[in-house]
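Shown next, in structure tokens, is the structure this report addresses.
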Amino acid sequence: MPNIQRKGKIMTQIRTPMVAGNWKMHKTVAEAQALAREIRRGLPASLDVDVVLAPPYTALSAVAREIHGSPLALAGQDVFWETQGAYTGAISPLMLADAGCRLVIIGHSERRQYFGETDATVNKKIKAALPVGLTPIVCIGETLAQREAQETLAVIASQLSNGLLGLGPSEVGRLVIAYEPVWAIGTGRTATPAQAQEVHHFIRRWLQDQVGAPVAEGLRILYGGSVTPENIRELSAAPDIDGALVGGASLKAESFLKIVALGR
Ligand code: PGA
């Protein structure tokens, strides 16, 4: 396979970068519509990055209408694994797809921290999302205590082996992985490009061992945790960083669009 020079990176296969905005529990419907409209209007004419918006559930349909016919894609921030039934407060994969979602964030550390998400539930959610055509953005990452105890790579390996349990190469190939060190989320403390690259490279090697090089080389691994217009260029220059999952800086069109422009 020929080597392809792309933005200073040499790859044996092109991975289209992805920049996803996770709006978390922010924005009313009207605010979400306005933000989506502003982002849509500000997109560069030729886009070589996949751009994803993940508004809260209540704004999904309105944002879907706003971005219809544009290159923007819609994502849910979480999902339940059952299709329907007596599960008060839960949203099924089919409902997300029906609302216009093409992707879904699964296993975000805030879900793990506040809502009892585990690798086992992550695994169930991935297996429920794939059959309806949703692309899971699977979040993994270590806490500060785990990093300080030199456990980062062991934690990542365990999250991957339990979270992706039972998935074959073709299913793994449909995932996006997001490495989000918990200590970097919403703290203003970003992993250095070297710290992030070490883990991204480890993830790709781990995947290569499990499902083979072609799948591992084609899979996108996003970095998340205090990504800003100021640090995205340096981060995305690392060979195994294929874009970003952005929280705080995705809540304003100006900063998000700068990250889209630089995050490839
Ligand atoms: P942050 O959030 O950019 O505000 O740190 C990232 C995330 O939680 O996905």
Side-chain angles (χ1 to χ4, degrees), residues 17-27 31-32 35 39 49-57 59-60 63 72-79 96 101 103-117 122 125-126 129 134-144 146-147 152 155-156 159 163 175-193 195-196 199-200 203 220-236 238 241-264:
M18 176 180 283
V19 173
N22 174 10
W23 297 359
K24 306 192 179 181
M25 200 173 72
H26 294 284
K27 307 290 178 189
E31 289 166 350
L35 178 56
I39 291 169
V49 43
D50 288 341
V51 185
V52 179
L53 306 181
Y57 292 136
L60 282 174
V63 171
L72 292 164
L74 193 67
Q77 295 180 11
D78 182 39
V79 70
L96 287 185
C101 291
L103 306 94
V104 58
I105 299 169
I106 294 179
H108 190 280
S109 69
E110 286 150 16
R111 299 298 314 173
R112 295 177 190 255
Q113 187 179 352
Y114 303 120
F115 302 97
E117 188 90 80
V122 166
K125 291 177 178 189
I126 295 170
L134 291 171
T135 297
I137 301 176
V138 182
C139 302
I140 54 176
E142 81 288 0
T143 62
L144 187 56
Q146 290 165 334
R147 174 160 284 267
T152 299
V155 168
I156 296 295
Q159 289 175 333
L175 306 178
V176 174
I177 304 286
Y179 168 56
E180 299 206 303
V182 177
W183 49 271
I185 296 178
T187 58
R189 192 176 159 192
T190 321
T192 65
Q195 283 174 323
V199 179
H200 281 233
I203 294 168
R220 288 173 293 190
I221 307 174
L222 314 183
Y223 169 78
S226 298
V227 171
T228 64
E230 287 71 42
N231 60 30
I232 182 64
R233 195 195 295 268
E234 234 194 338
L235 285 162
S236 58
I241 299 182
D242 307 310
L245 181 53
V246 188
S250 73
L251 296 174
K252 290 212 164 69
E254 192 191 352
S255 48
F256 186 65
L257 286 166
K258 278 189 192 155
I259 292 170
V260 168
L262 298 170
R264 45 195 145 102

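Note that ligands are numbered from 1 as they come in the structure, with each ligand's atoms numbered from 1 the same way.
Nearest non-hydrogen protein atom to atom 3 (O) of ligand 1 is G247 N, 2.9 Å. Protein heavy atom nearest atom 7 (C) of ligand 1, with residue, atom name and distance: E180 OE2, 3.2 Å. In this structure, atom 2 (O) of ligand 1 lies nearest to the protein heavy atom K24 NZ, 3.2 Å.
At least one heavy atom of G225 sits closer than 4.0 Å to an atom of ligand 1. Residue-ligand proximity: A184 is placed with a non-hydrogen atom under 4.0 Å from ligand 1. Residue A249 places every heavy atom at 4.0 Å or more from ligand 1.
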Sequence neighbours excluded and cut-off under 3.5 Å, please list the side-chain donor-acceptor pairs for residues 178-185, or say none.
unit_1, atom_1, unit_2, atom_2, d
Y179, OH, E142, OE1, 2.8
Y179, OH, E142, OE2, 3.0
Y179, OH, R147, NH2, 3.4
E180, OE1, H108, NE2, 3.3
W183, NE1, E142, OE2, 2.8

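Looking only at side-chain heavy atoms (C-beta outward), M18 and L103 come within less than 4.5 Å of each other. A heavy-atom distance below 4.5 Å is found between the side chains of E117 and D78.
For N231, the side chain to side chain contact (heavy atoms under 4.5 Å, CB included) partners at least two apart in sequence or on another chain are T190, V227, T228, L235.
For T187, no nitrogen or oxygen atom sits less than 3.5 Å from a nitrogen or oxygen atom of ligand 1, counting backbone and side chain alike. Polar contact with ligand 1: present for G186 (N/O pair, distance under 3.5 Å).
Atoms of ligand 1 found under 4.0 Å from any heavy atom of G248, numbered from 1 in the order shown, are 1 (P), 3 (O), 4 (O). Counting the atoms of ligand 1 from 1 in the order shown, those under 4.0 Å from a heavy atom of S226 are 1 (P), 3 (O), 5 (O). The atoms of ligand 1 that sit less than 4.0 Å from any heavy atom of H108 are 7 (C), 8 (O), 9 (O).
With rounding to the nearest 0.5 angstrom, the CG atom of L53 is 10.5 Å from the CG atom of L60. The CG atom of L251 lies 8.5 Å from the CG atom of N22; values are rounded to the nearest 0.5 Å.
Counting heavy atoms of neighbouring residues, nucleotides and ligands inside a 6.0 Å radius, atom CD of E254 does not exceed 12 of them. Residue E234 qualifies as open at atom CD: its count of foreign heavy atoms under 6.0 Å is 12 or below.
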